[in-house]
Amino acid sequence: MSLRTQVIQLYKNLLYMGREYPMGYDYFRDKLKRAFLKNRHETDPQKIREMINRGEYVIKEIEALYMLRKYRTMKRRYYDEETNITAPPPLTKDAAQ
Amino acid sequence: MSLRVLVGCKRVIDYAVKIRVRPDKLGVVTDGVKHSMNPFDEIAIEEAVRLKEKKIAKEVIAVSCGPTQAQETIRTALAMGADRGIHVEIPAKEMEKLEPLHVSKILAKLAEQEQAELVIVGKQAIDDDSNATAQMTAALLDWPQATFASKLEKTDGELEVTREVDGGLETIKVKLPAVVSSDLRLNEPRYATLPNIMKAKKKKIAKMKPKDLGVDLASHLEVVEVVDPPTREAGIKVEDVDTLVTKLKDAGRI
């Protein structure tokens, strides 16, 4: 795969990941596009590869973000965090002194 | 090594969507609402795929009952690593009246047809929260069941399953074939990425109707009313400790 195809593929994959971004898809797409445009004149293959790796890393980070968000929501919804106030055991005379 | 795993995955309203009750109070608004795979079923798929990666399972089949869009859910399952899918077509109208018993009958029938030795499903769906499909499927098949699994290990012809029970964990052994239902902490499901979704398009999804499986979808339940949960009442500020104690006593907390 040529570097150009790889970059386009990365862009598509990132766009796909952005669909559920907490601050909205538009915000994500905007930032993503700007980040790619900023480096569009880069010609050094080594540097382009580094950037692709960084993009892949960002994908992993977003995946982790989504997973955590879902997990936490589920946990909050379905598992008691035992926040109910219960009465403490009555104080014995000794303890009260 | 020869284990064939059948996994159920339900298409539900996305967990992040704010649910609205329909004006006729007989259901919730589903039109134009984002749907996705039931989170507990994602965990079930992930576990099956991990079994395959550990070479314990040879094939993972994802099943979903629902309207045409349920295929997207199956596609997600395939992207996560399932080998093929089975879509049991149920029109949206009938879907509302579909009960866990129907799904159990479908799953049981499919498990026999496909000669599956392990059925994994999510412990419950986040839309109706029935928590019944795994149990009834096990009963219909007369297989042992391991519900609320938070850890699963394969030993010779048996599964060692750690279950989440009230106030702790319970470890049981079940003989295969068996039915397992996944709890939240069983694993961390992988994300269905775009390249994997594309690759999954090549995988096969078989279509069938409940009739083909000889399952009758007659309802046994009637929805009387669907209402919003009560809104949380506002808290109050108290002046001093004495008032606090009185208020707490009135509320029956102490």
Side-chain angles (χ1 to χ4, degrees), chain A residues 1-2 5-29 32 36 52-91 96, chain B residues 12-19 34-43 46 72 76 79-80 122-127 129-131 148 150 164-168 181-199 229 232 235 244-245 247-249 251-254:
Chain A
M1 229 194 311
S2 77
T5 336
Q6 279 183 46
V7 172
I8 294 173
Q9 202 59 51
L10 176 70
Y11 187 72
K12 280 186 184 168
N13 291 347
L14 274 161
L15 266 187
Y16 180 83
M17 291 306 297
R19 292 177 316 158
E20 291 172 55
Y21 201 70
M23 294 173 76
Y25 180 59
D26 290 332
Y27 171 88
F28 183 87
R29 192 184 45 199
L32 181 67
F36 271 70
I52 291 175
N53 284 341
R54 219 185 109 209
E56 305 278 354
Y57 174 76
V58 171
I59 291 181
K60 289 269 167 278
E61 288 282 279
I62 301 174
E63 274 178 25
L65 169 79
Y66 290 166
M67 201 206 73
L68 213 62
R69 193 173 56 159
K70 194 181 277 180
Y71 175 82
R72 287 196 178 137
T73 317
M74 287 299 124
K75 198 164 167 251
R76 202 170 52 235
R77 273 186 208 165
Y78 287 103
Y79 300 84
D80 261 356
E81 272 161 84
E82 281 160 35
T83 44
N84 288 340
I85 306 164
T86 46
L91 289 176
Chain B
V12 297
I13 296 180
D14 191 78
Y15 79 97
V17 170
K18 175 97 180 65
I19 303 290
K34 189 185 167 206
H35 284 67
S36 53
M37 194 196 296
N38 174 31
F40 291 109
D41 292 343
E42 280 182 351
I43 298 170
E46 175 68 33
E72 287 160 32
T76 313
M80 287 171 74
K123 66 165 184 167
Q124 67 195 66
I126 61 165
D127 53 358
D129 290 317
S130 293
N131 185 356
F148 316 125
S150 71
E164 295 208 10
V165 291
D166 281 347
S181 80
S182 59
D183 212 318
L184 188 63
R185 295 176 190 87
L186 182 58
N187 58 45
E188 290 149 10
R190 67 196 70 183
Y191 199 83
T193 55
L194 185 60
N196 286 340
I197 292 212
M198 289 306 177
K199 275 180 224 154
R232 191 171 173 271
L244 174 69
V245 172
K247 291 273 180 202
L248 282 174
K249 267 189 182 147
R253 289 296 194 188
I254 52 173

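Throughout, protein chains are lettered first and strands after them, A, B, ... in sequence-line order, and every chain is numbered starting at 1. In this text the structure is predicted, and so the values were computed from the model without any measurement.
In this structure, Leu194(B) CG and Arg19(A) CZ are separated by 8.5 Å, a value rounded to the nearest 0.5 Å. Note that the CE atom of Met74(A) and the CD1 atom of Ile126(B) stand 4.5 Å from one another [nearest 0.5 Å]. Met67(A) contributes atom CE, which lies 10.5 Å from atom CD of Glu42(B) (distance to the nearest 0.5 angstrom). From Thr193(B), atom OG1 reaches atom CD1 of Ile62(A) across 12.5 Å, with rounding to the nearest 0.5 Å.
The aromatic rings of Tyr191(B) and Tyr16(A) stand perpendicular to each other, their planes meeting at an angle above 60°, with 30° marking the opposite boundary.
Here the side chains of Glu63(A) and Arg190(B) are not in contact, with every heavy-atom distance at 4.5 Å or above.
Proximity to chain B is limited to the side chain of Tyr78(A), based on heavy atoms less than 4.5 angstrom apart. With a threshold of 4.5 angstrom between heavy atoms, Arg69(A) approaches chain B through its backbone and through its side chain. Interface residue Glu20(A): only side-chain heavy atoms are found under 4.5 Å from chain B. Heavy atoms of Ala192(B) lying under 4.5 Å from chain A belong exclusively to its backbone.
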Practice problem: Apply side-chain contact (heavy atoms from CB on, under 4.5 Å) to Glu188(B) and Tyr71(A), showing your working. | Solution: CA-CA 9 Å; Glu188(B) 290 149 10; Tyr71(A) 175 82; over 6 Å; no
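Note that Arg185(B) lies in the cation-pi zone of Tyr79(A), set by a 6.0 Å cut-off to the ring centre and a 45° limit from the axis.
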